[in-house]
Amino acid sequence: MNDSQVIELIRKGQTEAYGDLVRQYHKRVMGYCFSMLSNRTDADEAAQDIFVKAYQNLDKFKGDSSFSTWLYRITANHCLDILRKRNRRKNVSLDNLVEQEGSQVQKLFATSSSADRHLENAQLAHKILSTLSEDQRQILTMREAEGLEYQEIAETLGCSLDAVKGRLARARKQLQENLRHIQKSWDVQNVETKREKDL
Amino acid sequence: MKHDELKEKLLGLYDGPVSEKERTWVETHLACCEDCSAAMEEYKKTAAHLFAVPTFSEADEDIFTAKVMARVREKVLAPSLSFSQLAFRWLLPLAGSTVVAAWVLFSVLPSTPELANNINDPSFFTPQTVSINDNALTPVALTSSNEEMVVGWMRQ
Ligand SMILES: [Zn+2]
């Protein structure tokens, strides 16, 4: 049964059929929430809210796009809202990050991203990604974590393919620049500490 | 186009849908520009580290689906207030009280002469000056305090 047929059943009152859609898209929605929010509890809560919201708005789904794109749009907006509220409270500056986690940043890139290092790294990765704007983080998450095609990103964000290329390029460049800044500052700090020790 | 701009452009092209012309351009440039190909490799490594997604087991999926469906069933049993329900609960009483207030203002008040006259009188809303009785300001003779009364009573 495809998504539209399942939705038809739900509209006819077979609420339980919604479980099939939840099961089918759980990984994608949860994965996206985790990449954006970097915290399993927050991601779980957000993903639940997204599925409930999608269910409540199912009558607004007209089938102009695929169900997955529609659900993705809800997911993207929901996570963006959470991130904006969160960032209003606490903004991670590049310099703060260097001061607090410089050595960890070095380690993150020195090790392979094996599963056992994942949780520890996820916290740090989250902090590094927090130095980007919410929009930049959003588009990078769609492409790098979720592997969405450029066309899918364009449909989800409601923009042109060229706009996706431009935004993705800028976000990737910004991420590289931020990382370079963190690593450079950390090297300077290291040299200074070494010099103090030598004296 | 400056080289920095080219480098940025490459980041938005290398893994996306490109035209034949773009693809040739990317390949040719990467083959002859060490700076860009190094940046590209560095970016790919960075992305692999920063965007690793955790794996979810089937049990995770079951638990998650159960939680969502419990909330969905709750919504089905207790749907949120629809507009008509909202209208009956709040809008009708509000409209009713507005009508009554309007009726009092436009029908009852003008037909109640003393109230109507008072309202039409320009001095109704202006505060009247009240002359102060000077005598009221002179201090009143002090009576004996409680303490004195108790002492007097004990003497008695
Ligand atoms: Zn180049």
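Note: hydrogens, waters and symmetry copies are ignored here, and every other heavy atom, side chains too, is used. Numbered from 1 within each chain, the chains take letters A, B, ... in sequence-line order.
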Requested in this report: Begin with the C-alpha distance, continue with both residues' side-chain angles, and end with the deciding distance and a verdict on side-chain contact (heavy atoms from CB on, under 4.5 Å) for A/F51 and B/V72.
Outcome: CA-CA 9 Å; A/F51 277 110; B/V72 164; over 6 Å; no

Query raised in the report: Which value, rounded to the nearest 0.5 Å, describes the distance between A/R170 atom CZ and B/L11 atom CG?
Result: 12.0 Å

Report task. Could you look at B/E58 and say if it's the side chain, the backbone, both or neither that has a heavy atom under 4.5 Å from chain A? Result -> neither

Query raised in the report: Where on A/L161 is there a heavy atom nearer than 4.5 Å to chain B: the side chain, the backbone, both, or neither?
Result: side chain

Query raised in the report: What residues of residues 13-22 of chain A sit under 4.5 Å from chain B when you count only heavy atoms?
Result: A/T15, A/E16, A/Y18, A/G19, A/V22

Query raised in the report: Which atoms form the tightest heavy-atom contact between A/Y150 and B/L13, and what is the distance?
Result: OH-N, 4.2 Å

Requested in this report: Would you give the length of the straight line joining atom CZ of B/F51 to atom CZ of A/F34, rounded to the nearest 0.5 angstrom?
Outcome: 12.5 Å

Report task. In plain terms, say whether A/K165 and B/E8 are close enough for a salt bridge, that is, a side-chain N and a carboxylate O under 4.0 Å apart. Result -> no

Report task. Kindly determine whether B/K44 and A/E144 satisfy side-chain contact (heavy atoms from CB on, under 4.5 Å), including the steps that lead there. Result -> CA-CA 9 Å; B/K44 284 183 196 167; A/E144 315 297 5; over 6 Å; no

Query raised in the report: Are the side chains of A/M30 and B/D60 in touch, meaning some heavy atoms are under 4.5 Å apart?
Result: no

Query raised in the report: Nearest 0.5 Å, what's the CZ-CZ distance between A/R28 and B/F56?
Result: 13.5 Å

Query - Inter-residue atom distance A/I128.CD1 - B/H49.NE2, 0.5 Å rounding - result: 10.5 Å

Query raised in the report: Should the heavy atoms of other residues, nucleotides or ligands under 6.0 Å from CD of A/Q174 be counted, would the total exceed 12?
Result: yes

Requested in this report: Could you tell me which residues in residues 64-81 of chain A have at least one non-hydrogen atom under 4.5 Å from a non-hydrogen atom of chain B, sorted by residue number?
Outcome: none

Report summary line: When the 4.5 angstrom heavy-atom criterion is applied to A/A43 and chain B, the contacting part is neither

Query raised in the report: Who are the side-chain hydrogen bond (donor to acceptor under 3.5 Å, both in side chains) partners of A/R143, not counting sequence neighbours?
Result: B/D15

Query raised in the report: Any idea which of A/Q151, A/K27, A/E146 has the most non-hydrogen atom pairs under 4.5 angstrom with chain B?
Result: A/K27

Query raised in the report: Taking A/V164, A/D49, A/L168, A/T141 one by one, which has the highest count of heavy-atom pairs under 4.5 Å against chain B?
Result: A/D49

Query raised in the report: What is the distance from atom NZ of B/K75 to atom NZ of A/K53, rounded to the nearest 0.5 Å?
Result: 11.5 Å

**Report entry** Residues of residues 63-71 of chain B with any heavy atom under 4.5 Å of a heavy atom in chain A
**Finding:** B/F64, B/T65, B/K67, B/V68, B/M69, B/R71

Query raised in the report: Passes side-chain contact (heavy atoms from CB on, under 4.5 Å), B/L50 versus A/L175? Steps please.
Result: CA-CA 10 Å; B/L50 290 183; A/L175 180 60; 3.9 Å; yes

